[in-house]
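Throughout, a chain's letter reflects where its sequence line sits, starting with A, and its residues are numbered from 1.
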Number of protein chains: 2
Amino acid sequence: MARHYPHTKRILVAVDCILFGFDQNDLKLLVTKRSFSPEKGKWSLIGGFVEEDESLDDAAKRILFKLTGLRNIFMEEVKVFSEVARDSMERTISVAYYALIKINENLKLSAEYGAQWFSMNDLPDLIFDHRNMVEAAHTKLKWMAKHQPIGFELLPKKLTIPQLRRLYEAIYKKELDKRNFSRKILAMNMLEKLNEKDKSSSKKGAYLYRFDKNRYRELLKKGFIFEV
Amino acid sequence: MARHYPHTKRILVAVDCILFGFDQNDLKLLVTKRSFSPEKGKWSLIGGFVEEDESLDDAAKRILFKLTGLRNIFMEEVKVFSEVARDSMERTISVAYYALIKINENLKLSAEYGAQWFSMNDLPDLIFDHRNMVEAAHTKLKWMAKHQPIGFELLPKKLTIPQLRRLYEAIYKKELDKRNFSRKILAMNMLEKLNEKDKSSSKKGAYLYRFDKNRYRELLKKGFIFEV
DNA sequence: TCAAAAGTGTTGACCCTACACCCATGG
DNA sequence: CCATGGGTGTAGGGTCAACACTTTTGA
């Protein structure tokens, strides 16, 4: 396209991804080893520049796919980071996106990026303002997990109530009463109980459930408001 | 700064402002008549391009100031709009900001922009994706007004409880019980009752109150959570 | 004197929290 | 047989919604 708005500076636009995962009891963050200047070799969120023919959402999906091979992942904008000097090389504004990833044996990370999971309780130093991005994303995650059933995006399709509770405890860094929690969750009537148990974390085993998206959509139509 | 990230397209970055006001019973939006191509002469949100030496927050403040002469106004990012073809001239990504403005006799709008207030219930057609921006901002406003005491930004410093209730009714398009509303608001203990009445909307007159920011900050420290 | 908005209390239903014991099983 | 985590019920307090009449005063 021709330039019809003269005398205005065009700017580099990037997307940086805050990739959350959940593993046993820990909320985790996937970070990569930066392979180019500046700050080469340091820990960094995975990111990339926005191309001419893609929206920011598309750019975020592309970047996520290159690292993880995953598509159709829950992903959402957090906010824009636009301080003039935030990138030491050239002015770049960056839009932070967070994504919720199921960590499991099928997840194959591209070796290219030297990616590694870190516990949110024990993050390494990150370049630029990436630490602020992570904070902002975590704040948004807390908000969202409270008011929308996105926690399930971090768990296997078949999940147990104790697992879900441990996830919320990790997100909020706060213990929850197991009786009250399971009553509240089951009362919403969004989980389908299966005739299987998961014995990976106890001898007795915990019943498996499946989040029923259709039932949730029905509830929404009736004015139901999710809240944990 | 030199270009250190080669082969990447730089992009025009704009800010568009969703300016909310409140007048009697109506939530209002300030829109301008666009004075340049494309779409010259049509109704548009006020906006502008981001300059080299400013953050997006700064750009939004600058644009607001040029139109209204106001500073220190509540203003917050909504989200980025980045569809490739959203601007018909040249690819532009735009970050929507919303602001809350007190409409009163001191407000002097720059004549340059042909600005006009419209009721949110009766908006004109807007250019590009500006209507979507307004929807997104309204959604965020509903969210914020419920969980933070930002409603006061739309009202005079001295306000009455019925006025505040009408504001919330306008934001949520829903009637509220006046007894329950005033009990809830006063119970929060954030309003200082004055010995004056406002008779502009009734013969009996309603007591004026002042929102006490310091008291609110104290409450926050004690773990108080605002919710309407 | 009347119309129009302000102000004010109570009750019942529901919801949320706090809390303790038994169950199933693998080792 | 025992250690570990899973599963379950109840009672009390607090919160929220629903509801109607009186007050004030300008016109």
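- Across all strands shown, A:Ser201 has heavy atoms under 4.0 Å from sugar-phosphate atoms exclusively, and none from any base.
- Relative to the side chain of B:Lys203, the nucleotides D:dT8, D:dT4, D:dG26 differ in distance, and D:dG26 lies closest.
- Note: CD (A:Glu169) to P (D:dG5) measures 13 Å, nearest angstrom.
- Nucleotide C:dG7 holds its P atom 8 Å from the CD1 atom of B:Ile161, rounded to whole Å.
- Across all strands shown, A:Lys184 has no heavy atoms under 4.0 Å from either base or sugar-phosphate atoms.
- DNA chain D is contacted by both B:Ser202 and A:Tyr209; A:Tyr209 maps to the nucleotide lying nearer its 5′ end (nearest heavy atom per residue).
- Contact check on A:Glu218 versus A:Lys221 returns a salt bridge, with a Lys/Arg side-chain nitrogen under 4.0 Å from an Asp/Glu carboxylate oxygen.
- Residue A:Lys204 has no polar side-chain atom (N or O) positioned under 4.0 Å from OP1 or OP2 of C:dG26.
- To the nearest 0.5 Å, the span separating CG on B:Asp198 from OH on B:Tyr209 amounts to 12.5 Å.
- Between the P atom of D:dT25 and the NZ atom of B:Lys197 lies a distance of 7 Å, rounded to the nearest Å.
- At whole-Å resolution of the value, CD in B:Glu227 and P in C:dC16 are 12 Å apart.
- Expressed to the nearest 0.5 Å, how far CD1 of A:Ile185 lies from OH of A:Tyr168 amounts to 6.0 Å.
- Computed from coordinates, the B:Lys178 NZ to D:dC19 P distance equals 15 Å when rounded to whole Å.
- Of all nucleotides listed (D:dA18, C:dT17, D:dG7), D:dG7 comes nearest to the side chain of A:Pro162.
- The local environment of CD in B:Gln116 is crowded, with over 12 non-hydrogen atoms from other residues, nucleotides or ligands closer than 6.0 Å.
- A cation-pi arrangement is not found for B:Lys213 relative to B:Phe211, the charged atom failing to lie both closer than 6.0 Å to the ring centre and inside a 45° cone about the ring normal.
- Between B:Leu186 atom CG and C:dG7 atom C1' the separation is 11 Å, expressed in whole Å.
- Separating the NZ atom of A:Lys199 from the P atom of C:dC23 is a distance of 17 Å, rounded to the nearest angstrom.
- Residue A:Phe181 contributes atom CZ, which lies 18 Å from atom P of C:dC15 at whole-angstrom precision.
- In the interface, the side chain of A:Arg179 is not paired with the base of C:dT17 through any donor and acceptor atom under 3.5 Å apart.
- Both A:Gly205 and B:Arg166 lie near DNA chain C, and the one whose nearest nucleotide falls closer to the 5' end is B:Arg166.
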